[in-house]
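Whatever order the structure lists ligands and atoms in, that order sets their numbers, starting from 1.
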Amino acid sequence: MNTTEYITHSADETIALGRELAAKLHDLRMVILHGDLGAGKTTLVKGIAEGIEAASQDDVTSPTFTLIHEYRGPDVTLYHVDLYRIDTERELATLGLDELCASEGSLVVIEWGEKFPRLLAECDAEIRIERVGEMERKVTVVKGR
Ligand code: ADP
Ligand code: MG
């Protein structure tokens with residue numbers, strides 16, 4: 001297990017961190033983003049999507065209602081998932097996340113994935129985002145479980 005901490009001071013800095021992290025995450029299958037509403041999870045995904053050249057930051061919007069957004073990059077396809085509105089294992093199963101994670105070249109990044117202990121146990125990395133101040137965020141990346 002390997003833990004790295006970062007501090008960002010603006011949404012732009014969090015996007016830049018996402019771009020940087022993309023290089024470290026691109027060969028993983030499942031990453032859980034853990035943090036309160038407004039912490040900056042979706043903001044970080046904007047950077048990850050840019051880092052793998054799958055989308056520009058303005059094209060990445062919250063999948064709160066649509067549940068899954070897909071962004072195809074040259075090497076990696078990013079699936080951005082939001083489980084905020086998903087409450088049961090049965091609803092979770094209908095999303096087919098296992099199939100997405102199993103497919104070659106896919107990176108599945110899940111907001112609110114920690115709601116399901118099974119996903120936490122299966123994921124390759126967990127990224128925790130905490131609000132430290134108005135604009136300050138602590139981003140903790142825990143890899144390898
Ligand atoms: P989440 O997906 O965790 O609910 P969002 O990324 O949608 O959160 O929203 C984060 C909000 O916080 C945005 O309005 C963003 O502009 C603001 N913000 C302020 N400072 C930061 C920061 N350092 N990192 C990320 N977002 C920040
Ligand atoms: Mg979000």
Side-chain angles (χ1 to χ4, degrees), residues 1-26 28-73 76-101 103 105-145:
M1 190 125 91
N2 140 6
T3 303
T4 319
E5 275 182 20
Y6 306 86
I7 298 282
T8 67
H9 304 88
S10 65
D12 280 347
E13 274 189 35
T14 297
I15 292 171
L17 176 61
R19 280 195 295 265
E20 188 187 319
L21 289 177
K24 299 176 182 159
L25 301 176
H26 75 277
L28 302 183
R29 293 293 171 87
M30 191 202 294
V31 175
I32 286 179
L33 288 185
H34 193 157
D36 294 339
L37 213 56
K41 301 181 294 298
T42 297
T43 303
L44 188 75
V45 175
K46 288 173 182 279
I48 295 172
E50 286 195 344
I52 62 163
E53 297 172 46
S56 68
Q57 56 187 75
D58 295 335
D59 294 330
V60 176
T61 55
S62 178
T64 305
F65 294 96
T66 40
L67 305 177
I68 303 180
H69 288 168
E70 177 181 341
Y71 305 99
R72 285 183 188 226
V76 177
T77 298
L78 172 67
Y79 294 95
H80 179 198
V81 182
D82 190 335
L83 300 183
Y84 185 69
R85 294 164 55 81
I86 300 295
D87 292 316
T88 64
E89 281 286 345
R90 184 187 289 229
E91 290 171 286
L92 179 66
T94 63
L95 297 181
L97 295 185
D98 296 336
E99 287 80 4
L100 290 185
C101 293
S103 73
S106 66
L107 170 63
V108 182
V109 176
I110 309 176
E111 298 190 32
W112 300 99
E114 75 281 3
K115 284 167 71 173
F116 296 92
R118 174 172 74 80
L119 292 181
L120 257 189
E122 278 174 19
C123 72
D124 304 301
E126 184 184 348
I127 301 179
R128 287 188 218 120
I129 309 182
E130 291 161 82
R131 222 183 124 115
V132 182
E134 183 62 29
M135 303 289 284
E136 204 169 312
R137 303 290 190 272
K138 182 164 110 181
V139 181
T140 309
V141 181
V142 183
K143 246 178 111 168
R145 46 186 70 240

Between the side chains of Lys115 and Asp87, is the shortest nitrogen-to-carboxylate-oxygen separation below 4.0 Å, so that they form an ion pair?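 Salt bridge between Asp87 and Lys115, a charged N being under 4.0 Å from a carboxylate O: yes.
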Would you call Glu89 and Arg118 a salt bridge, taking side-chain N to carboxylate O under 4.0 Å as the test?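 Yes.
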Would you say the side chain of Thr140 lies within less than 4.5 Å of the side chain of Ile127, judging by non-hydrogen atoms?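 No, side chains not in contact.
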Close side-chain approach of Arg131 to Arg137, heavy-atom, < 4.5 Å: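 They are in contact (side-chain heavy atoms under 4.5 Å apart), so the answer is yes.
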Taking Ser10 for the side chain and Glu13 for the main chain, is one N or O donor matched with an acceptor at less than 3.5 Å?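 Side chain of Ser10 to backbone of Glu13: a pair is present.
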Does the side chain of Thr43 pick up a donor-acceptor pair with the side chain of Thr14 at under 3.5 Å?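 Side chains of Thr43 and Thr14: no pair found under 3.5 Å.
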Heavy-atom cut-off of under 4.0 Å around ligand 1: list whichever protein residues fall inside it, by chain and number.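 Ligand 1 is contacted, at a heavy-atom distance under 4.0 Å, by Thr8, His9, Ser10, Ala11, Thr14, Asp36, Leu37, Gly38, Ala39, Gly40, Lys41, Thr42, Thr43, Glu111, Met135, Arg137.
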Could you confirm whether Thr42 has any N/O/S atom lying under 2.8 Å from the Mg ion (ligand 2)?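 Coordinating: yes.
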Nearest to the Mg ion (ligand 2), which N, O or S atom of Glu111 do we find?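 Answer by atom name: OE1.
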Start with the C-alpha distance between Glu70 and His80, add both sets of side-chain angles, then the distance that settles side-chain hydrogen bond (donor to acceptor under 3.5 Å, both in side chains), and finish with yes or no. CA-CA 6 Å; Glu70 177 181 341; His80 179 198; over 6 Å; no
